[in-house]
Structures are given as C-alpha cells and as structure tokens.
Protein chains: 2
Amino acid sequence: MARPKKVRHGDAVLTHEHIVATALRLADADGIRQLSMRRLATELDCGVMSLYHYVVDKEALIEALVDQVAREVVPPPKGVAWREAVRHIAEATLAAQLRHPWAIPVWSTSWPGPYRFALVEQLLDTLAHAGLPPDVADLGFHALTNHVQGFAQQRISFGQLESRAEVTRDRLEAMIAQGKFPRVAEHVEFHRSERSAQDEFGFTLDLILDGLEKFADGEKRPSVLRAGREDGDSRDSNA
Amino acid sequence: MARPKKVRHGDAVLTHEHIVATALRLADADGIRQLSMRRLATELDCGVMSLYHYVVDKEALIEALVDQVAREVVPPPKGVAWREAVRHIAEATLAAQLRHPWAIPVWSTSWPGPYRFALVEQLLDTLAHAGLPPDVADLGFHALTNHVQGFAQQRISFGQLESRAEVTRDRLEAMIAQGKFPRVAEHVEFHRSERSAQDEFGFTLDLILDGLEKFADGEKRPSVLRAGREDGDSRDSNA
DNA sequence: ACCTGAACACCGTTCAAGT
DNA sequence: ACCTGAACACCGTTCAAGT
C-alpha cells in the first residue's frame with residue numbers, strides 16, 4: 001500500500017517483455033477488442049504514455065502479441081517424413097490458434113513477427129524437401145496455411161454460434177426456419193452431429209497432401225503452371 | 001443553400017437502402033476503418049442518431065455492407081457440370097471480394113446476411129448434386145470456401161505489401177536481408193515473378209476438386225470418416 | 001533514458017426531447 | 001413514425017514537460 005516513491009509499477013519493472021506478457025493475459029481473458037492501451041496501462045499500474053517507450057503503436061503491440069502465439073508452435077521432430085512434418089506443423093499451429101482465439105482474425109491481417117517468419121520458413125523448407133516442383137511447393141504452402149487458417153476461423157465462428165451468443169443462435173434458427181436454405185440447414189446439422197467430431201481437419205489436410213504428392217519427383221507435371229525454376233539454387237541478393 | 005425546412009437531406013430521403021449504398025461508397029473509397037457512423041451521417045447530411053432508426057448497430061451496418069458484396073456474385077448458368085458450377089462460384093466470389101477489398105477480413109467474421117446465405121446454399125446444393133457422400137460434400141464446402149477466402153486475403157496482404165506501404169515493404173526487405181529465412185525469400189521472389197501470374201487460384205481449386213471427385217459415386221470410401229448419412233432425405237424440423 | 005498528465009481529435013451509443 | 005442534440009463513456013496518440 002505504502003510504496004516507495006520512485007517505483008511506479010506494482011510488482012515488476014516496465015519492459016517490452018512484461019508489457020507483451022500482460023497484454024497477452026488480458027487478450028486471453030477478455031478478447032482483443034477489450035484490450036486498449038489505457039486498460040493495459042492501468043493493469044501495469046503506469047501511465048498510458050509510458051507504453052509508447054516500448055511499443056511504437058497499438059498495431060505493433062498486436063503484432064508482438066500474435067508473434068507470441070506463433071512462438072508456441074513447437075517444431076516437428078527432426079528426420080520425420082515430410083508429410084508427417086507438415087501434419088505436425090499444421091496441427092500445432094491450429095492448436096496454438098485455438099488456445100488464443102482472439103489471434104485468429106488478426107493472424108493474416110497483422111504484420112508477421114520473427115516467430116511467424118520462422119514458422120513460415122519451416123513449412124516452406126519442409127515442402128522444399130518433398131521433391132515437389134518449386135512452384136507446386138509455393139502454391140501448396142498457401143493451400144495448407146489457408147486450410148489451417150480457415151479451419152480455425154470456422155471453429156470460432158461456429159463456436160460462438162453455439163455457445164453464449166444466444167441471440168446469434170436464434171438468428172440462425174430463424175434463417176433456417178424460413179425453409180429457403182435446406183442445404184444450409186443440413187450443413188448446420190452436420191456440424192452439430194457427432195459425425196463432424198471425426199477428423200475433419202485431417203481429412204482436408206490429407207486431400208491437399210495427396211494432391212501435392214502427385215507432383216513429387218516428376219510423377220505428374222503441373223498442367224496450368226509453366227515449367228518450374230531451372231536454376232536449382234538462385235537465392236541471391238535481390239529477393 | 002436555402003433549403004426547405006422539412007427536408008433534412010441533400011438529395012434523397014433517408015432509407016435503409018440509401019444508407020447502405022452510401023456506406024458502401026465510403027468503404028470502397030476509404031476502406032472500412034475510415035467508415036464511422038459520424039462520417040456516414042455527415043455524408044448523408046443527417047444527424048448521427050437518425051441512422052439508428054434504420055440500422056440497429058454499426059455491426060449490423062457492416063453485415064448489410066458485406067451482404068451487398070455477396071449480392072454481386074452472379075450464379076452459374078443452369079445445367080453446367082458440377083465442377084464448372086463450383087469453379088464459377090469460386091471465381092465470382094473471389095472477383096467480388098477483390099472489387100471490395102475491405103470486405104475480405106470481415107467476410108468470415110461478420111454474421112451472414114440473406115445474400116451470403118443464398119450463396120452458401122448454392123455451393124452446397126451444387127456439391128450435393130456431385131454424387132459425393134454427404135459428409136465429403138460438407139467438408140469439401142469448407143475446403144473450397146477456405147481456399148477462396150485465403151486466396152483473397154493473401155492477395156490483399158501481398159498487394160498492400162507491394163504498393164503504397166513503402167514502410168512495410170522495407171520491413172520485409174530487412175527481414176529477408178537477415179539471411180535467416182532463405183525459403184521465405186524464395187517464396188517472395190515467386191510471388192513477384194511472372195510465374196505466379198499463372199493460374200494460381202485455379203491450380204489449388206483443381207487440386208481440391210480432383211481430391212473430392214475421387215469420392216464421387218462410391219469410387220472411393222472416405223477413410224477417416226464414418227459412413228455417410230443413411231437416410232437420403234432427412235431434412236426435417238429440428239435443424 | 002525513462003516516465004508522465006493534459007489535451008486533441010476522434011469513437012459508438014443512451015437518453016430525453018422534439019415534430 | 002421519424003428525427004435529433006447533448007451527454008456519457010470511452011478510444012489512440014501528440015506534445016510539452018518532468019526526473
């Protein structure tokens with residue numbers, strides 16, 4: 001209660017690390033929409049403007065926050081087959097995102113920090129060792145990340161549909177009750193059934209991986225794409 | 001300048017339609033972040049609170065806005081093969097989204113309006129006529145929409161990377177210059193090359209469609225999924 | 001170097017009141 | 001029914017000033 005004059009913060013000194021950790025805690029607790037610079041400052045027991053000595057922007061803060069989530073993704077064990085490595089990365093990324101649902105909508109919107117860069121590098125490198133034509137690897141990368149991202153988004157959308165948001169749930173019921181959207185009604189039913197508790201994520205993942213594997217080691221030529229890179233190792237200066 | 005006492009608005013009477021149309025124009029011009037109830041009211045030459053007689057929320061306004069984008073997606077011609085129909089829907093949705101880039105991040109976040117419901121219904125119905133096991137159709141639906149959504153997102157991300165945002169561009173250059181992410185550097189190079197101007201979108205679309213087609217008419221059984229619905233037409237009451 | 005309060009230029013929305 | 005200004009409870013950030 002009676003605290004020394006010079007020390008402004010309750011327990012810890014103000015650092016970038018401490019700020020980000022606290023912001024992460026707030027985001028996990030109340031979602032990212034409730035996270036304001038002012039609320040964060042109050043939580044840290046400091047003035048709002050003190051934060052701007054460690055963080056250039058609110059946007060930069062959120063970047064750092066998302067990067068913390070990317071940091072949680074543990075790399076696959078060394079030496080596993082490429083399909084297993086890809087599956088590991090995909091599942092670990094999904095799990096990390098679902099642990100921090102607020103991060104899902106901002107994941108692709110915010111600028112990637114070092115940990116997300118490393119994650120991207122890892123997936124690209126895994127695909128580069130799969131014997132795929134380089135262009136197929138580049139396109140496969142997006143197919144895979146889009147699946148992870150889309151699946152996570154869908155999970156939280158349907159999640160908040162089914163849980164607390166009773167109003168939203170009623171709105172869906174009303175839409176369906178019109179009878180104009182029978183296929184949508186069936187689809188919602190599918191998501192509510194135990195059938196969808198099966199490995200939905202893995203199904204589409206395998207579909208993509210199967211599709212990509214066909215191009216491995218010249219088994220199949222990419223039809224719509226021009227010939228891949230001729231030069232095997234041209235990663236020089238101007239990238 | 002001297003306008004009649006009773007008429008508050010410059011040119012048109014205040015209606016839901018007119019409000020949404022004006023908001024759409026503002027969003028197209030300056031992006032959705034610049035769109036505020038106050039700015040919209042100024043543009044419509046009315047008091048801010050007048051808007052709340054036609055729109056319950058800002059959220060509801062944005063829902064209506066996104067639904068206008070969904071409305072622009074023209075259905076495929078009747079009678080075409082299912083793959084062509086899916087391709088048409090996917091391409092038309094992507095085109096509409098790219099015409100209104102502000103809609104892309106909010107597309108999956110905001111509640112779907114009637115036009116987006118109709119669009120979903122259309123795609124589900126197309127897949128239902130493809131001879132796929134129902135569960136495969138339901139999962140394929142997400143695979144396809146995730147591809148469209150992810151591709152659109154990727155386009156605007158890379159777009160704003162390459163264009164006006166010089167700061168962001170420099171940040172990417174700096175990240176790459178570290179030399180720690182050679183695969184990312186190659187990947188960025190791929191996106192900048194004419195190679196990626198090929199039909200990237202269609203490649204992954206075909207990959208998904210090929211994968212799904214294998215399950216058509218019992219050619220292949222879904223391995224990770226339980227047997228599909230037994231009852232052919234059970235779309236009754238409790239959806 | 002690190003921290004800060006006051007002030008600026010905004011937000012969305014509630015409320016009570018007008019016609 | 002339709003419209004509204006004032007007020008409330010917030011925002012992120014600039015600036016000038018403190019230690």
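Naming convention: chains lettered A, B, ... in sequence-line order (proteins, then strands); numbering from 1 in each chain. Keep in mind that what you see is a predicted model, and the values were worked out from it rather than measured.
- At whole-Å resolution of the value, CG in B/Leu40 and P in C/dG12 are 10 Å apart.
- Protein atom CG of A/Leu14 is 17 Å distant from nucleotide atom P of C/dA1, rounded to whole Å.
- We find that CG of A/Leu51 is positioned 14 Å from P of D/dT14, with the value rounded to whole Å.
- No salt bridge links A/Glu121 with B/Lys180; every basic N to acidic carboxylate O contact stays at or beyond 4.0 Å.
- Note: B/Ile176 CD1 to A/Phe117 CZ = 6.5 Å, rounded to the nearest 0.5 Å.
- Closest non-hydrogen pair, A/Phe190 versus A/Glu200, comes out as CE2-OE1, 4.1 Å.
- Residue A/Arg33 contributes atom CZ, which lies 15 Å from atom C1' of D/dG12 at whole-angstrom precision.
- Proximity note for A/Val48 (side chain, C-beta onward) versus D/dT13, C/dC3, C/dT13: the nearest is D/dT13.
- Side-chain contact annotation: B/His100 with B/Glu72, donor-acceptor N/O pair under 3.5 Å present.
- For the pair A/Asp125 and B/Arg183, the salt-bridge criterion is met [side-chain N within less than 4.0 Å of a carboxylate O].
- The same atom, C1', is picked in C/dA16 and in D/dC3; the two are 13 Å apart, to the nearest Å.
- Comparing D/dC3, D/dC11, C/dC3 against the side chain of A/Arg39 picks out D/dC11 as the nearest.
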Tell me which donor-acceptor pairs under 3.5 Å the side chains of residues 53-61 of chain B have, and how far apart each pair is, sequence neighbours excluded?
| from | atom 1 | to | atom 2 | distance (Å) |
| --- | --- | --- | --- | --- |
| B/Tyr54 | OH | B/Leu14 | O | 3.1 |
| B/Lys58 | NZ | B/Leu35 | O | 3.0 |

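- Distance check on atom C1': C/dA7 versus D/dC11 gives 14 Å, rounded to whole Å.
- Considering only the side chain of B/Arg38, C/dG12 comes nearest among C/dT4, D/dC11, C/dG12.
- For DNA chain D, the neighbouring residues in residues 52-65 of chain B, judged by any heavy atom under 4.0 Å, are B/His53, B/Tyr54.
- When the P atom of C/dC2 is taken as reference, atom NE2 of A/His16 falls 14 Å away, rounded to whole Å.
- Across all strands, B/Met37 comes closer than 4.0 Å only to sugar-phosphate atoms, never to a base (heavy-atom distances).
- For an aromatic pair to be called close, the ring centres must be under 6.0 Å apart, and B/His147 with B/His142 fails this.
- In this structure, the CE atom of A/Met49 is 11 Å from the C1' atom of C/dA6, given to the nearest Å.
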task: Toss me the dot-bracket line for DNA chain D: Watson-Crick and G-U wobble, both under 3.5 Å, 5' to 3', using | for pairs to another strand and [ ] for crossers.
output: ||.|||||...|||||.||

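- Between A/Glu63 and B/Arg171 there is a salt bridge, since a side-chain N of the basic residue sits under 4.0 Å from a carboxylate O of the acidic one.
- Among the atoms of the strands shown, only primed sugar atoms or phosphate atoms (P, OP1, OP2) are found under 4.0 Å from some heavy atom of B/Ser36.
- A distance of 10.5 Å separates CD of B/Glu91 from CZ of B/Phe151, quoted to the nearest 0.5 Å.
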